[in-house]
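Below: the structure, in structure tokens.
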Amino acid sequence: MSIRAVVWDVDDTLFDYSGADRAAMREYLVADGLLDEDGAVANALERWRVATEVHWARFSAGEVSFEGQRRDRVRLFLGRDLTDDEADDWFRRYKTYYEAAWALFPDVLPVLDALAASHRHAVLSNSSLTVQDRKLRALGVHDRFEAILCAAELGVSKPEAGAFLAACEALGLAPHEVAYVGDHPEIDGRGAADAGLLSVWIDRGGLHTRYAVPAGPHRIASLAELPALLGADTRFGAPSTFG
């Protein structure tokens, strides 16, 4: 059966989260006097990345609230025992710079336009609906999606099958009728494949070179490759899209 809908990840798939995060942190640290223009920006950005990964994993595992992981990211990054209010205030100031840097990847609007008439569209994110609903509106693509589902409200996170199946249920479609597009080879790629969806892993610039190519997902380097892939579902005997 052909693919009738595409479910999308948001951060680093549609939205350039990593680019916005790096730009925001660099500007914030300089403005806040934590770094001068010649300061150790690369080191600070790496500490922020590690803090984000550590505490996002805790949130995904249900060990901490969405707000709690933000506070703990700040505490780990700064190396300070901050109160909740202090951590919230620091994150709010960072967020001002972060939101100013929001942008879609250049290949997003062309592919959404190309697939608008042929496929239904939805979003499944490991974030919260409050965050992603606002982000998609600010980026001008909110109305492209008939359903927006997030882990904070679902109570289940990718790569658990229940998250992907909830997206299929929201569309009223069986998993084999739905494609999932995401940037992480395990959380998105293997998770969607294991749940029975056509799994498409977008690996822009080979950013995940430390990961072995997981079994199941089709790997693409640009969303420009997606229409052809959906037009010829290769799961049943046709050549793989792996390079």
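This is a predicted model, so every value here is computed, not measured. Heavy-atom basis, side chains included; hydrogens, waters and symmetry copies ignored.
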> Do you know the tightest heavy-atom contact between P217 and A193?
Replying inline: N-CB, 4.3 Å
> What do you reckon, are the aromatic ring centroids of W8 and F15 less than 6.0 Å apart?
Replying inline: no
>> Taking atom CD as the centre, does E169 end up with more than 12 heavy-atom neighbours from other residues, nucleotides or ligands that are less than 6.0 angstrom away?
In response: no
> Below 4.5 Å, heavy atoms only, C-beta onward: do P159 and D194 meet side chain to side chain?
Replying inline: no
> Could you give the distance from CZ (R49) to CE (M25), rounded to the nearest 0.5 Å?
Replying inline: 13.0 Å
> Hey, mind stepping through R4 and V178 against side chain to side chain contact (heavy atoms under 4.5 Å, CB included) and telling me if it holds?
Replying inline: CA-CA 6 Å; R4 299 173 60 187; V178 179; over 6 Å; no
>> Is there a side chain to side chain contact (heavy atoms under 4.5 Å, CB included) between Y17 and T52? Walk through the geometry before answering.
In response: CA-CA 12 Å; Y17 166 79; T52 299; 3.9 Å; yes
>> Just so I know, are the side chains of D21 and L45 near enough to count as touching, which here means a heavy-atom distance under 4.5 Å?
In response: no
> side chain to side chain contact (heavy atoms under 4.5 Å, CB included) between I148 and H142: does it pass, once the steps are laid out?
Replying inline: CA-CA 9 Å; I148 299 173; H142 182 276; 3.5 Å; yes
>> Let me confirm one number: the OG-CG distance from S128 to D133, rounded to the nearest 0.5 Å.
In response: 9.5 Å
>> Among D12, D107, D16, exactly one meets side-chain hydrogen bond (donor to acceptor under 3.5 Å, both in side chains) together with R204. Which residue is that?
In response: D107
>> Whether D9 and K158 form a salt bridge (side-chain N of Lys/Arg under 4.0 Å from carboxylate O of Asp/Glu) is what I want to check.
In response: yes
> With side chains defined as the heavy atoms from C-beta onward, is the minimum distance between V74 and R80 less than 4.5 Å?
Replying inline: no
>> Minimum heavy-atom separation for C150 and S127, please, with both atom names.
In response: CB-O, 3.3 Å
> In Å and rounded to the nearest 0.5 Å, what is the CG to CG distance from L165 to L154?
Replying inline: 11.0 Å
> Just how far is it from atom CG of D89 to atom CZ of R92, taken to the nearest 0.5 Å?
Replying inline: 5.0 Å
> Looking only at heavy atoms, what is the nearest atom pair of Q132 and V10, with distance?
Replying inline: NE2-CB, 3.5 Å
> With a 4.5 Å limit on heavy-atom distance, are the side chains of H55 and L76 in contact?
Replying inline: yes
>> Which heavy atom of V64 sits nearest to which heavy atom of Q69, and what is that distance?
In response: CG2-N, 3.7 Å
> Does anything in residues 109-126 pair up under salt bridge (Lys or Arg N to Asp or Glu O under 4.0 Å), and if so which pairs, sequence neighbours excluded?
Replying inline: D113-R144, R120-E146
> Quick one: does K135's side chain get under 4.5 Å of D11's, heavy atoms only?
Replying inline: yes
> Taking all atoms of both residues into account, what is the closest heavy-atom pair of A51 and R73, and its distance?
Replying inline: O-CG, 3.5 Å
> Heavy atoms, side chains only, cut-off 4.5 Å: are P227 and L115 in contact?
Replying inline: yes
> For D188 and D183, what are the C-alpha separation, side-chain angles and deciding distance, and is it a side chain to side chain contact (heavy atoms under 4.5 Å, CB included)?
Replying inline: CA-CA 7 Å; D188 297 316; D183 71 290; 3.6 Å; yes
>> Using modelled atom types and a 3.5 Å cut-off, is there a donor and acceptor pairing between side-chain atoms of Y97 and backbone atoms of L29?
In response: no
> So among W48, F91, Y94, which one has a ring-ring contact (aromatic ring centres under 6.0 Å, His included) with F77?
Replying inline: W48
> Does the S199 side chain pair with the main chain of G189, one donor and one acceptor, at a distance under 3.5 Å?
Replying inline: yes
> Is there a path of hydrophobic side-chain contacts, each under 4.5 Å between heavy atoms of I, L, V, M, F, W or Y residues, that connects L136 with Y98?
Replying inline: yes
> In Å, rounded to the nearest 0.5 Å, how long is the span from CG of L82 to CG of D72?
Replying inline: 10.0 Å
> Given W201 and H218, is the side-chain hydrogen bond (donor to acceptor under 3.5 Å, both in side chains) satisfied, shown in steps?
Replying inline: CA-CA 6 Å; W201 165 32; H218 299 267; over 6 Å; no
> Under the 3.5 angstrom rule, does the side chain of E177 hit a backbone N or O of A174 as a donor-acceptor pair?
Replying inline: yes
> Any Lys/Arg nitrogen of R75 or D81 sitting under 4.0 Å from an Asp/Glu carboxylate oxygen of the other?
Replying inline: no
> Just wondering, more than 12 heavy atoms not from N43 lying within 6.0 Å of its CG?
Replying inline: yes
> Minimum heavy-atom separation for A195 to F164, with atom names?
Replying inline: CB-CB, 3.8 Å
> Applying the 4.5 Å side-chain criterion to the ILVMFWY set and letting contacts propagate, would V141 and L129 be lumped into a single cluster?
Replying inline: yes
> Below 4.5 Å, heavy atoms only, C-beta onward: do V131 and F66 meet side chain to side chain?
Replying inline: yes
> Do V123 and I187 share a hydrophobic cluster (ILVMFWY, side-chain heavy atoms under 4.5 Å, transitive)?
Replying inline: no
> Salt-bridged, R70 to E67, with N to O below 4.0 Å?
Replying inline: no
>> Whether the side chain of S222 engages the backbone of E225 through a donor-acceptor N/O pair (distance < 3.5 Å, no angle test) should be reported.
In response: no
> Hey, does S125 have a side-chain heavy atom less than 4.5 Å from the side chain of L149?
Replying inline: no
> Got a sec, which residues hit side chain to side chain donor-acceptor pair (under 3.5 Å) with R22, two or more places apart in sequence or on another chain?
Replying inline: none
> Passes salt bridge (Lys or Arg N to Asp or Glu O under 4.0 Å), R134 versus E99? Steps please.
Replying inline: CA-CA 11 Å; R134 181 169 177 270; E99 292 183 357; 2.4 Å; yes
> To the nearest 0.5 Å, what is the distance between OH (Y180) and CG (L124)?
Replying inline: 4.5 Å
